[in-house]
Peer 1: 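Structure incoming, see below.
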Amino acid sequence: KIRSWLFESDGGFAEGHWTVLEDEIVAKYSSVNPDGSTASATINITQKDKDRFTMTGTDRIVGDSREPDFEINIVRKPPTAGK
């Protein structure tokens with residue numbers, strides 16, 4: 001298993017526990033925001049092909065509120081011609 005930490009300059013911090021599956025990575029995150037409130041989320045990273053992957057965030061809770069899910073498509077930038 002992979003364990004990660006994130007420390008923000010404003011005092012917030014997060015911890016993630018990653019599980020590598022056959023076709024995706026699932027990361028469970030919990031965090032403390034600068035104001036002391038807590039947050040949690042599940043992040044799924046799925047490779048679509050060698051140049052693309054999708055990141056989705058689900059089960060997002062900030063304080064006492066549910067936040068909407070999100071999906072981001074990430075594409076490798078091709079090299080500049082002539083370089």
Side-chain angles (χ1 to χ4, degrees):
K1 289 220 173 197
I2 299 169
R3 184 174 176 192
S4 62
W5 297 270
L6 172 70
F7 299 95
E8 299 280 349
S9 62
D10 60 8
F13 60 93
E15 177 180 24
H17 295 269
W18 298 42
T19 301
V20 179
L21 303 173
E22 185 176 318
D23 59 346
E24 70 181 333
I25 297 171
V26 178
K28 300 279 190 172
Y29 275 96
S30 59
S31 67
V32 177
N33 299 316
D35 65 1
S37 63
T38 59
S40 62
T42 300
I43 306 296
N44 293 17
I45 302 169
T46 306
Q47 187 170 359
K48 298 300 184 182
D49 59 38
K50 72 180 189 79
D51 294 319
R52 295 182 310 127
F53 65 92
T54 300
M55 180 185 297
T56 57
T58 59
D59 304 323
R60 299 174 63 220
I61 306 291
V62 177
D64 295 328
S65 300
R66 179 175 292 279
E67 297 294 316
D69 294 348
F70 70 83
E71 180 172 301
I72 300 170
N73 293 303
I74 301 169
V75 179
R76 183 188 318 250
K77 182 178 177 182
T80 305
K83 287 195 173 188

Peer 1: Find the distance between OG (Ser31) and CZ (Phe7) and round it off to the nearest 0.5 Å.
Peer 2: 12.0 Å
Peer 1: With clusters defined by side-chain heavy atoms of hydrophobic residues (ILVMFWY) lying less than 4.5 Å apart, directly or transitively, does Ile25 cluster with Leu21?
Peer 2: no
Peer 1: In Å and rounded to the nearest 0.5 Å, what is the CD1 to OG1 distance from Ile61 to Thr42?
Peer 2: 10.0 Å
Peer 1: May I ask whether Trp18 and Val20 are part of the same hydrophobic cluster, defined by side-chain heavy atoms of I, L, V, M, F, W, Y residues being less than 4.5 angstrom apart, directly or through others?
Peer 2: yes
Peer 1: How long is the straight-line distance from CZ of Arg66 back to OG1 of Thr58, given to the nearest 0.5 Å?
Peer 2: 9.0 Å
Peer 1: Under a single-linkage definition using a 4.5 Å side-chain heavy-atom cutoff for Ile, Leu, Val, Met, Phe, Trp and Tyr, are Ile74 and Phe70 assigned to the same hydrophobic cluster?
Peer 2: yes
Peer 1: So, the side chain of Asp35 versus the backbone of Ser37: is there a donor-acceptor pair under 3.5 Å, distance only?
Peer 2: yes
Peer 1: If Ile, Leu, Val, Met, Phe, Trp and Tyr residues are connected whenever their side-chain heavy atoms lie under 4.5 Å apart, and connections chain through other members, are Val62 and Val32 in the same group?
Peer 2: no
Peer 1: Test your reading of the model: is there a side-chain donor-acceptor pair from Arg60 to the backbone of Pro68, 3.5 Å cut-off?
Peer 2: yes
Peer 1: For the CG atom on Asp10, are there more than 12 heavy atoms of other groups (residues, nucleotides or ligands in this structure) within a distance under 6.0 Å?
Peer 2: yes
Peer 1: Within this structure, what is the CZ-CD distance for the pair Arg52 and Gln47, rounded to the nearest 0.5 Å?
Peer 2: 10.0 Å
Peer 1: Under 4.5 Å between side-chain heavy atoms, hopping through other hydrophobics if needed: is there a path connecting Leu6 to Ile72?
Peer 2: no
Peer 1: With rounding to the nearest 0.5 angstrom, report the OG1 to CG distance, Thr38 to Asp64.
Peer 2: 7.5 Å
Peer 1: Between CD of Glu15 and OH of Tyr29, what distance do you get to the nearest 0.5 Å?
Peer 2: 10.0 Å
Peer 1: For residues Thr56 and Thr46, determine if any side-chain heavy atom of one lies less than 4.5 Å from a side-chain heavy atom of the other.
Peer 2: no
Peer 1: Taking all non-hydrogen atoms of both residues, which atom of Lys50 and which atom of Arg76 are closest, and how far apart?
Peer 2: O-NH2, 2.8 Å
Peer 1: Is the shortest heavy-atom distance from the side chain of Ile43 to the side chain of Met55 under 4.5 Å?
Peer 2: yes
